[in-house]
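Input: a single structure, listed below in structure tokens.
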There are 2 protein chains.
Amino acid sequence: MLTKKGKYGLKAMVHLAAREPGEPSLVSEIAEANNIPKKFLDTILGELRNAGFVNSKKGKGGGYTLARSAHLIRVGHIIRILDGPLAPIQCASKTSYRRCDDCTDERHCGVRILMLEAREALATVLDNRTLAEMRAAAQDDELILSYVI
Amino acid sequence: MLTKKGKYGLKAMVHLAAREPGEPSLVSEIAEANNIPKKFLDTILGELRNAGFVNSKKGKGGGYTLARSAHLIRVGHIIRILDGPLAPIQCASKTSYRRCDDCTDERHCGVRILMLEAREALATVLDNRTLAEMRAAAQDDELILSYVI
DNA sequence: CCCCATCCTCACGATTCAATAGGAATTGCT
DNA sequence: AGCAATTCCTATTGAATCGTGAGGATGGGG
């Protein structure tokens with residue numbers, strides 16, 4: 001489940017991606033444009049900054065900018081920072097594996113095997129999509145999106 | 001995120017799938033075999049029964065059995081009952097859609113479009129796998145599992 | 001009628017989530 | 001130097017959810 005923190009963070013990143021590179025955005029501006037509580041967004045952008053996704057500048061004329069080109073920022077990475085691992089269950093995570101304490105034989109745990117598949121499917125989507133693509137998809141009236149039921 | 005309720009429920013279902021059809025299992029037996037708190041499993045199986053996935057019988061010789069063949073039970077359905085919709089965000093859910101209150105223009109929301117893709121990827125895995133397949137995967141030393149990175 | 005096992009309701013502590021509060025630190029401008 | 005703008009930090013709060021346990025009601029089998 002994507003939390004509001006994750007959702008707000010992604011929206012903020014999309015907002016930044018829509019800017020001329022180097023042109024800073026204010027927290028208050030991003031918050032207002034996306035209906036996000038300002039103070040909450042404040043802490044979210046702080047985390048994204050600590051993680052190296054955005055740069056910040058204080059004082060007049062300050063604000064936030066993307067630290068890298070939107071083409072180089074993968075959506076899955078952002079979500080991991082804000083909401084934790086993608087895997088539905090920790091014993092199926094690759095970036096932050098942890099054993100289930102109730103599982104005696106992990107190799108024959110059907111749940112885990114299934115969740116490895118699920119994680120793989122999720123990661124395939126989220127780790128291949130970049131911020132630039134996400135923004136483009138939003139602008140182009142969903143043309144890019146092609147379902148394969 | 002799969003909660004413990006979901007995990008325990010799936011494990012219990014796998015346990016039942018490993019039985020001769022019609023042969024009932026006791027809650028205490030399932031709980032012990034899978035390291036699940038008995039009382040908790042009690043309520044979980046109750047929900048699965050209300051949802052029509054398992055049948056129950058009280059008294060001596062009672063217990064739980066699958067309501068249908070394990071080939072006909074899709075894992076995604078079980079998870080939806082126990083943990084709610086698969087979609088990472090409600091505005092991207094097909095089974096229980098709900099609009100985001102902070103989103104003014106849903107059609108151009110990059111986050112939602114991306115999450116529709118993510119939901120699709122997840123559902124493709126979970127709604128196509130049956131309980132029988134999950135059980136088989138666990139027994140066959142993960143042979144069935146084939147990653148496509 | 002008596003065991004056995006499911007069924008039901010309630011309650012609880014812990015954790016996480018979402019948001020708010022209040023102010024400290026830094027920068028730019030004049 | 002002084003002021004205003006803006007990020008940065010820490011703590012708190014209220015609400016919801018999660019995981020679990022207690023106690024007993026219900027109903028079938030013998």
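Sequence lines set the chain letters: A, B, ... in the order given, protein chains first and strands last, and positions in each chain run from 1. Keep in mind it's a predicted model, so treat the numbers as computed, not measured.
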Inset, instruction - Write down the distance between CG (Leu45(A)) and P (dA19(C)), rounded to a whole number of angstrom. - result: 15 Å
Legend entry - Note, Thr130(A) side chain near Ile73(A) side chain (heavy atom, < 4.5 Å): no
Legend entry - Rounded interatomic separation in angstrom, taking CG from Leu41(B) and P from dC7(C): 12 Å
Legend entry - Nucleic acid contacts of residues 2-13 of chain A, taken as heavy-atom distances under 4.0 Å to DNA chain D: none
Inset, instruction - Assign a letter to each nucleotide of nucleotides 23-30 of chain C from its 5' end: B, base within under 4.0 Å of a protein heavy atom; S, sugar-phosphate only; -, no contact. - result: B--BBS--
Legend entry - Separation of atom CD in Glu47(B) from atom P in dC7(C), rounded to whole Å: 13 Å
Legend entry - Any donor-acceptor pair under 3.5 Å from Asp83(B) side chain to Thr3(B) backbone: yes
Inset, instruction - Decide whether Thr65(A) and Asn55(A) meet the rule of one side-chain donor and one side-chain acceptor closer than 3.5 Å. - result: no
Inset, instruction - Take atom CD1 of Ile44(B) and atom C1' of dC8(C), then tell me their distance rounded to the nearest Å. - result: 16 Å
Legend entry - Note, Pro37(B) side chain near Tyr8(B) side chain (heavy atom, < 4.5 Å): yes
Legend entry - Val125(B) vs Val75(B) side-chain heavy atoms within contact, under 4.5 Å: no
Legend entry - Student check: side-chain heavy atoms of Arg119(A) and Pro88(A) closer than 4.5 Å: yes
Legend entry - Glu120(A)/Lys94(A) salt bridge by N-O under 4.0 Å criterion: yes
Legend entry - Shared hydrophobic cluster, Phe40(A) / Leu45(A) (ILVMFWY, side-chain heavy atoms < 4.5 Å): yes
Legend entry - Note, Ser93(A) side chain near Arg98(A) side chain (heavy atom, < 4.5 Å): no
Legend entry - Thr43(A) vs dA19(C): side-chain N/O to OP1/OP2 distance below 4.0 Å: no
Legend entry - Pair Glu32(A) + Lys38(A): basic N to acidic O under 4.0 Å: no
Inset, instruction - Please state how far atom CG in Leu48(B) lies from atom C1' in dC7(C), giving the value in whole angstrom units. - result: 14 Å
Extract all donor-acceptor atom pairs below 3.5 Å that involve side chains of residues 11-23 of chain B and protein atoms in other chains or at least two apart in sequence.
{"residue": "Lys11(B)", "atom": "NZ", "partner": "Asp102(A)", "partner atom": "OD2", "Å": "2.8"}
{"residue": "His15(B)", "atom": "ND1", "partner": "Asn34(B)", "partner atom": "ND2", "Å": "3.4"}
{"residue": "His15(B)", "atom": "NE2", "partner": "Glu29(B)", "partner atom": "OE2", "Å": "3.4"}
{"residue": "Arg19(B)", "atom": "NH2", "partner": "Glu29(B)", "partner atom": "OE2", "Å": "2.1"}

Legend entry - Pair Arg80(B) + Asp127(B): basic N to acidic O under 4.0 Å: yes
Legend entry - Where chain A begins and ends its contact with DNA chain D, read 5' to 3' at 4.0 Å from heavy atoms: dA5(D) to dC9(D)
Inset, instruction - May I ask you to verify if any side-chain N or O of Arg49(B) is less than 4.0 angstrom from the OP1 or OP2 atom of dT6(C)? - result: no
Inset, instruction - Give one of base, sugar-phosphate or nothing for Leu26(A), where a contact means two heavy atoms less than 4.0 Å apart. - result: sugar-phosphate
Inset, instruction - Kindly indicate whether the side chain of Met134(B), heavy atoms from C-beta on, has any atom under 4.5 Å from the side chain of Leu10(B). - result: yes
Legend entry - DNA chain D contacts made by residues 27-35 of chain B, counting heavy atoms under 4.0 Å: none
Inset, instruction - For the residue pair Tyr97(B) and Cys91(B), establish whether any side-chain heavy-atom pair is separated by less than 4.5 Å. - result: yes
Inset, instruction - Give a yes or no on whether Ile81(B) and Leu126(B) share a hydrophobic cluster (residues Ile, Leu, Val, Met, Phe, Trp, Tyr; joining criterion: side-chain heavy atoms under 4.5 Å apart). - result: yes
Inset, instruction - For the helix from dC1(C)-dG30(D) to dT30(C)-dA1(D), figure out the bend between the end axes, five pairs an end, and round to 10 degrees. - result: 10°
Inset, instruction - Find out whether Arg112(B) and Arg107(B) are in side-chain contact, i.e. whether some heavy atom of one side chain is under 4.5 Å from a heavy atom of the other. - result: no
